[in-house]
Amino acid sequence: MNDVSHKNFTSAGSVTATGNRGLQIEEPLLFEIGSTNFTGVDVEEPEAFESRLGDVERTDMMGLPGLSEPETMRHFVRLSQKNYAIDTGIFPLGSCTMKHNPRLNEKMARLPGIGDIHPLQPQKTVQGAIELMMQLSDWLTSLTGMPAVAMSPKAGAHGELCGMIAIRAAIEAKGEADTRRVVLVPDSAHGTNPATAALLGFSVRSIEAEKDGTVRASAVRESLGPDVAAMMLTNPNTCGLFEPDIAEISAALHEAGAYLYCDGANFNAIAGKVRPGDLGIDAMHINLHKTFSTPHGGGGPGAGPVVFSKSLAPFAPLPLMARDGDGKLELIEEKASSGEARPFGRLTAFHGQMGMFVRALAYMLSFGEDGVRQASEDAVLNANYLRKLLKDTMSQPFGDRVCMHEVLFDEAFLKGTDISTLDFAKAMIDEGFHPMTMYFPLVVHGAMLVEPTESESKRSLDQFAYALKALANAAKRGDKDRFKSAPRFAPLRRLDETRAARQPILSYTPPAQQAAE
Amino acid sequence: MRYLPHTAEDRRAMLGTIGVGSVNELFADVPGEFLLDRIEGLPGHKSEMHVERALGALAARNIPAGSVPFFAGCGAYKHHVPATVDHIIQRSEYMTAYTPYQPEIAQGTLQYLFEFQTQVAALTGMEVANASMYDGSTAAAEAVLMAHRVTKRKKAVLFGNLHPHYRAVIETISRYSEHDVVDLPSAPNAEFGLEIDDKTSCIVVQYPGVFGGVRDLTPLAELAHRNGALLIVVVTEAVSFGALRSPGSMGADIVVAEGQSIGNGLNFGGPYLGLFATRKKFLRQMPGRICGETVDEDGKRGFVLTLSTREQHIRRDKATSNICTNSGLCALAFTVHMTLLGETGLKKLARLNHANAVALADRLAAVPGVEVVTPHFFNEFTIRTPKPGTEIIDALVDHGIIGGVPASRLFPGDGLDELIFVAATEVNTNEDREAYAAALREVLA
Amino acid sequence: MADMKYTSDHEYARVENDIATVGISEHAQEKLGDIVFVELPEVGKTLSKGQEAAVVESVKAASEVYAPASGEVVEVNDAIVANPELVNESPEDAAWFLKIKLSNPKDLDGLMSADKYKDYLENID
């Protein structure tokens with residue numbers, strides 16, 4: 001297991017004996033380092049006792065090695081150094097919103113009274129936790145102008161599911177479950193939208209968006225009928241534009257007996273300035289990691305509370321929160337004790353992402369109402385500033401027009417260079433930047449969606465624009481190799497995704513076992 | 001405002017560059033009547049110290065598990081997490097990274113996900129695992145939907161020992177996605193004697209069950225397979241993998257688990273960590289992100305997200321699931337803790353958990369009127385008391401003890417009011433157990 | 001030579017007697033890129049024209065293969081399941097997907113001839 005001549009140390013194309021390059025250090029899999037009869041945790045041996053496991057005691061070996069604490073630390077720290085992160089530099093992924101993660105949030109989440117309480121301990125011992133959830137829900141209902149919120153959804157897509165189930169429940173309550181089977185989705189929408197609608201047995205009717213991804217009220221009206229249950233719309237949309245017809249669209253839907261679900265992924269552009277409730281939205285999920293700074297953690301955990309209009313509020317899922325006359329707080333966990341409400345069911349075992357709630361609330365309290373608005377304004381300011389700096393270098397699919405919190409470019413400026421959006425993105429890695437979102441939204445050829453967020457200083461934006469200009473000029477000059485061979489200075493060169501998909505290797509197999517197979 | 005870098009001068013200069021007079025000109029697409037100058041009812045910004053004070057005051061109104069003798073379980077467990085774990089998951093490079101869509105600069109995340117998948121497959125005794133899901137309960141619901149896809153049937157049979165909240169999650173998603181659920185009655189030590197038909201896609205059983213009981217699942221697997229259905233095994237206490245035969249070795253087709261117990265705190269119910277593993281032949285129907293091994297242009301080993309055509313951003317309305325997020329940082333915590341433990345440490349830890357539970361069961365059984373009703377268990381069991389469980393648990397709080405979860409909280413109106421679910425882990429000391437028994441004696445007197 | 005016909009979704013049908021051999025066109029494989037996975041129907045399944053018959057996936061895209069005509073599946077090409085790259089190498093020959101015993105040969109009347117398909121491709125690009 002501890003053979004230092006492992007393949008990682010003799011990697012092809014390496015100019016050093018070890019394969020390491022200065023601070024870029026190769027790191028084997030933990031299974032190639034440790035031994036199965038070692039443990040890095042000191043566990044006490046219990047006094048003699050008689051097992052009560054019956055006939056299901058485990059006797060086999062699992063093949064999982066243990067590492068000492070220093071080895072564990074080194075393994076995971078070395079691995080960490082192969083990652084780009086928002087703390088390293090601008091992370092301009094459009095529609096993903098990578099903003100600064102305040103460390104105060106982390107400190108608060110680790111208070112024993114927050115991080116070390118059990119979801120099923122007696123409610124009188126967790127009154128502060130329920131109060132915290134209620135304060136966060138007050139912030140969310142105030143900022144959105146919508147009367148109710150479901151706290152339990154675990155992430156954006158889960159929130160979408162929550163909102164769409166509430167719509168189904170409302171339609172059932174009106175006795176229209178069998179007739180309203182269609183959900184309208186613009187073709188510029190996030191992939192989760194049609195996936196969610198389909199999961200709930202709705203058929204998806206695609207609405208053709210305008211060239212810039214916005215949807216006209218007239219197009220919605222044409223698609224409306226007694227078979228339509230709802231429309232799913234992202235606002236601001238995936239091209240970074242505010243839907244100018246949104247109030248008209250919601251009015252048309254309501255008139256036809258349908259509901260408007262809003263994908264709140266881009267709420268961070270308008271928080272504190274526009275209340276979705278005023279626009280006639282019936283349900284909207286809020287990605288706490290996007291708008292309210294909880295960390296993305298390399299892909300979760302997220303949190304996706306859903307705000308509801310008055311018409312959908314009664315159907316919000318369990319658990320519900322209540323405050324009685326004496327100020328005692330209660331989490332209502334069963335339908336039977338829900339009073340007037342008609343919760344549609346339960347989305348997760350417990351009460352939602354408490355660890356994310358406290359981080360989001362810490363952020364809101366820090367920012368205040370004025371700061372939340374300033375953050376939205378700065379996010380929009382930053383995107384438009386980049387747009388202006390790059391307007392003569394890169395191409396914009398809809399001309400040089402005002403955008404919201406993200407600016408969309410396309411591959412037209414690379415025409416004739418034989419360099420693709422992907423090549424351009426990989427060259428950005430060599431310049432020390434994480435690329436923007438590529439090839440999304442799908443309605444634009446070779447899309448490059450840039451979202452700087454409010455966390456970037458003017459100096460950071462200037463540097464980013466400088467690098468993009470230099471790259472664009474290199475591309476136009478015909479310096480093709482710089483792009484085709486990129487990245488050259490990252491921990492790895494481009495990876496063979498075809499091979500990964502054709503012969504999936506999804507877990508480690510020891511060499512001896514590999515040979516036997 | 002400490003999180004925003006611009007000075008007033010910066011903002012003026014940038015507006016000048018853009019060529020507008022005010023920031024509101026950038027919101028020109030928003031119809032004027034919807035653009036607000038302030039939102040009513042919300043306070044202004046606060047200093048870091050002020051926020052700490054406000055949230056500290058809320059935290060102080062809760063009783064942390066670590067501050068009292070603590071015995072609640074039912075899907076969330078108080079374990080000791082090594083300090084190394086929290087340090088690593090707070091490293092910027094992990095905590096403030098995004099989903100690894102640019103693999104050349106995300107090998108840190110990708111390699112630990114590959115290690116995580118390997119650990120989960122080995123623990124569950126299965127061939128393949130995904131890169132994690134939201135939590136155990138949502139993973140269970142996804143497993144049921146997957147069984148429907150694999151068998152092209154639409155009825156799930158839920159065994160009576162399944163956590164009622166897990167059951168409710170499965171029922172909710174099934175009802176609104178137009179699938180059928182059959183609920184079997186819940187009682188401690190219920191028999192496996194059930195019949196299924198050729199419409200049944202899966203049997204869902206918990207192991208250990210919500211009453212704490214453990215037993216051989218092989219007969220259930222045989223029953224499922226005889227009828228062309230899958231066996232889904234749900235594990236809510238991941239430390240049990242160190243003591244109990246793996247679900248895979250007993251014939252499970254899909255294993256889902258709540259991974260919180262390893263590396264993750266209680267957090268009042270979330271964020272937690274869904275583990276999901278299955279057999280290789282069902283790989284294409286498995287939901288969630290998957291990390292796979294490959295090589296780069298120089299032939300060096302590396303890792304990428306793979307088989308992504310199953311996912312929503314490509315398949316849209318034909319995706320295996322609408323899920324887009326996993327539980328990355330919780331998976332990292334799990335992997336770091338498992339790396340420290342190794343299987344030797346996990347087995348020792350599981351043994352200590354079981355020993356503490358046995359010691360507690362014996363101690364409580366000696367209290368007059370108390371009966372331990374679970375003959376075989378891992379670290380959680382059910383007791384029957386002469387008074388309603390809710391009253392007892394409430395009274396124990398006044399003695400400074402969190403004594404478990406009353407069955408009536410999970411099964412209201414099911415006639416199980418005199419039952420309490422009690423869990424013991426490595427954190428409980430002999431003094432904790434003595435204090436519990438003494439207090440229970442007083443409460444029942 | 002057997003009669004090759006194409007659909008506007010880039011499936012082809014090569015007809016001999018009452019058996020149509022179905023696959024995806026050269027153009028389709030090129031657009032999809034490296035094929036990594038193919039799912040085929042069970043032999044004996046009855047398909048109606050336009051119904052989803054198979055699935056083909058590349059690294060970045062997934063696409064359904066629709067039955068160009070109604071009939072029963074009489075044979076499938078397991079070689080492309082084991083080696084999906086065959087679809088890139090020889091889409092219109094060795095890497096056929098399935099054979100359908102036609103229940104209504106008239107189904108094929110609306111399909112394009114090789115020449116017509118060539119014109120069609122020029123117009124969509």
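Proteins come first, then strands; the chains are lettered A, B, ... in the order of their sequence lines, and each starts at number 1.
Interface residue B/Ala168: backbone and side-chain heavy atoms are both found under 4.5 Å from chain A. Residue contact with chain B, scored on non-hydrogen atoms closer than 4.5 Å, is absent for A/Ala197. With a threshold of 4.5 angstrom between heavy atoms, B/Met95 approaches chain A through its backbone and through its side chain. With a 4.5 angstrom heavy-atom cutoff, A/Glu456 touches chain B only via backbone atoms. Only the side chain of A/Ile429 comes within contact range of chain B, judged by heavy atoms closer than 4.5 Å. With a threshold of 4.5 angstrom between heavy atoms, A/Arg494 approaches chain B through its backbone and through its side chain. Of the atoms belonging to B/Val23, it is side-chain heavy atoms, and not backbone ones, that fall under 4.5 Å from chain A. In this structure, the portion of B/Val304 lying under 4.5 Å from any heavy atom of chain A is its side chain and not its backbone. With a 4.5 Å cut-off on non-hydrogen atoms, A/Glu334 touches chain B through its side chain but not through its backbone. Looking at A/Pro491, both its backbone and its side chain come within 4.5 Å of chain B, counting heavy atoms on both sides. With a 4.5 angstrom heavy-atom cutoff, B/Leu26 touches chain A via backbone and side-chain atoms both. In this structure, chain B has heavy atoms under 4.5 Å from both the backbone and the side chain of A/Pro244. Using a 4.5 Å cut-off between heavy atoms, B/Val295 touches chain A through backbone and side chain atoms alike. With a 4.5 angstrom heavy-atom cutoff, B/Arg91 touches chain A only via side-chain atoms. Within the 4.5 angstrom heavy-atom criterion, only side-chain atoms of B/Ala361, from C-beta onward, approach chain A. Looking at A/Phe91, the atoms closer than 4.5 Å to chain B (heavy atoms on both sides) all sit in the side chain, from C-beta outward. Only the side chain of B/Phe70 comes within contact range of chain A, with at least one heavy atom under 4.5 Å from a heavy atom of that chain. For a residue to count as touching a neighbouring chain, one of its non-hydrogen atoms must lie under 4.5 Å from one of that chain's; by this rule B/Leu332 touches chain A with the side chain only. Using a 4.5 Å cut-off between heavy atoms, B/Ser246 touches chain A through backbone and side chain atoms alike. Interface remark: B/Glu178 contributes side-chain atoms only to the contact with chain A (heavy atom separation under 4.5 Å). Only the side chain of B/Pro412 comes within contact range of chain A, with at least one heavy atom under 4.5 Å from a heavy atom of that chain. Contacts between B/Ala60 and chain A at a heavy-atom distance below 4.5 Å are absent for every atom of the residue. With a 4.5 angstrom heavy-atom cutoff, A/Thr348 touches chain B via backbone and side-chain atoms both.
Options B/Met338, B/Lys78, B/Glu40 differ in how many heavy-atom pairs under 4.5 Å they form with chain A, and the most are formed by B/Lys78. Note: A/Pro119 leads A/Gly355, A/Pro119, A/Gly115 in heavy-atom pairs under 4.5 Å with chain B. Interface summary for chain B: among A/Leu365, A/Val402, A/Leu111, A/Val358, the most heavy-atom pairs under 4.5 angstrom belong to A/Leu365. For the set A/Glu131, A/Glu106, A/Gln81, A/Lys124, the entry with the most heavy-atom pairs within less than 4.5 Å of chain B is A/Lys124. Heavy-atom pairs under 4.5 Å with chain A were tallied for B/Ile18, B/Asp135, B/Val358, B/Asn356; the largest tally goes to B/Ile18. Comparing A/Lys82, A/Glu45, A/Glu50 by how many heavy-atom pairs each has under 4.5 Å with chain B, the most go to A/Lys82. Interface remark: of the candidates B/Arg175, B/His163, B/Glu25, B/Arg175 forms the most heavy-atom pairs closer than 4.5 Å to chain A. Of the listed residues (B/Leu35, B/Val214, B/Asp10, B/Leu123), the greatest number of heavy-atom pairs within a distance under 4.5 Å of chain A belongs to B/Leu123. Across A/Pro112, A/Gly371, A/Gly201, the residue that shares the most heavy-atom pairs under 4.5 angstrom with chain B is A/Pro112. Put simply, of B/Ser249, B/Ala243, B/Gly302, B/Gly413, the one with the most heavy-atom pairs under 4.5 Å next to chain A is B/Ala243. Across A/Ala362, A/Ala247, A/Ala303, the residue that shares the most heavy-atom pairs under 4.5 angstrom with chain B is A/Ala362. With chain A as the partner, the residue from B/Val30, B/Ile88, B/Val405, B/Leu346 showing the most heavy-atom pairs under 4.5 Å is B/Val30.
Taking OG of B/Ser67 as the reference point, atom CG of A/Asp116 lies at 7.5 Å (rounded to 0.5 Å). For the atom pair B/Ile402 CD1 and B/Ile393 CD1, the distance stands at 8.5 Å (nearest 0.5 Å). For the atom pair CD of A/Gln353 and NZ of A/Lys154, the computed distance is 4.0 Å after rounding to the nearest 0.5 Å. The CG atom of B/Asp298 sits 4.5 Å away from atom CZ of A/Arg493, with the distance rounded to the nearest 0.5 Å. From A/His75, atom NE2 reaches atom CD of B/Glu115 across 3.5 Å, with rounding to the nearest 0.5 Å. The distance from the CG atom of A/Asp378 to the OG atom of A/Ser457 is 11.5 Å, given to the nearest 0.5 Å.
Under the 4.5 Å side-chain criterion, counting only non-hydrogen atoms from C-beta, B/Phe27 is in contact with A/Met404. Put simply, the side chain of A/His351 does not reach to within 4.5 Å of the side chain of A/Leu318, judged on heavy atoms. Two residues are said to be in side-chain contact when any heavy atoms from C-beta on lie closer than 4.5 Å; B/Thr306 and A/Pro504 fail this criterion.
When ring centroids are compared, B/Tyr94 and B/Tyr112 come within the 6.0 Å threshold. Remark: aromatic rings of A/His118 and B/Phe268 are distant, center separation not under 6.0 Å. Ring centers of A/Phe49 and B/His354: under 6.0 Å apart, within the cut-off.
Considering only residues two or more places apart in sequence or on other chains, B/Ala13 meets the side chain to side chain contact (heavy atoms under 4.5 Å, CB included) condition with A/Lys458, B/Glu9. Every residue meeting the side chain to side chain contact (heavy atoms under 4.5 Å, CB included) condition with A/Ser366, not counting sequence neighbours, appears here in chain and number order: A/Leu104, B/Arg2, B/Tyr3, B/Val51.
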Could you walk me through whether B/Gln117 and A/Ser507 pass the side-chain hydrogen bond (donor to acceptor under 3.5 Å, both in side chains) check?
CA-CA 6 Å; B/Gln117 289 174 180; A/Ser507 58; over 6 Å; no
Check the pair B/Glu52, A/Lys107 against salt bridge (charged side-chain N to carboxylate O under 4.0 Å, His left out), reporting the backbone distance first and the verdict last.
CA-CA 9 Å; B/Glu52 262 189 74; A/Lys107 188 174 175 187; 3.0 Å; yes
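Looking only at atom types and distance, the side chain of A/Asp370 has a donor-acceptor partner in the side chain of B/His45 under 3.5 Å away. When only modelled atom types and interatomic distance are considered, A/Asn37 and B/Thr344 share no side-chain donor-acceptor pair under 3.5 Å.
A salt bridge links A/Arg110 with B/Asp86; the closest basic N to acidic carboxylate O contact falls under 4.0 Å.
Smallest separation of non-hydrogen atoms from A/Phe350 and B/Cys74: CZ-O, 3.6 Å.
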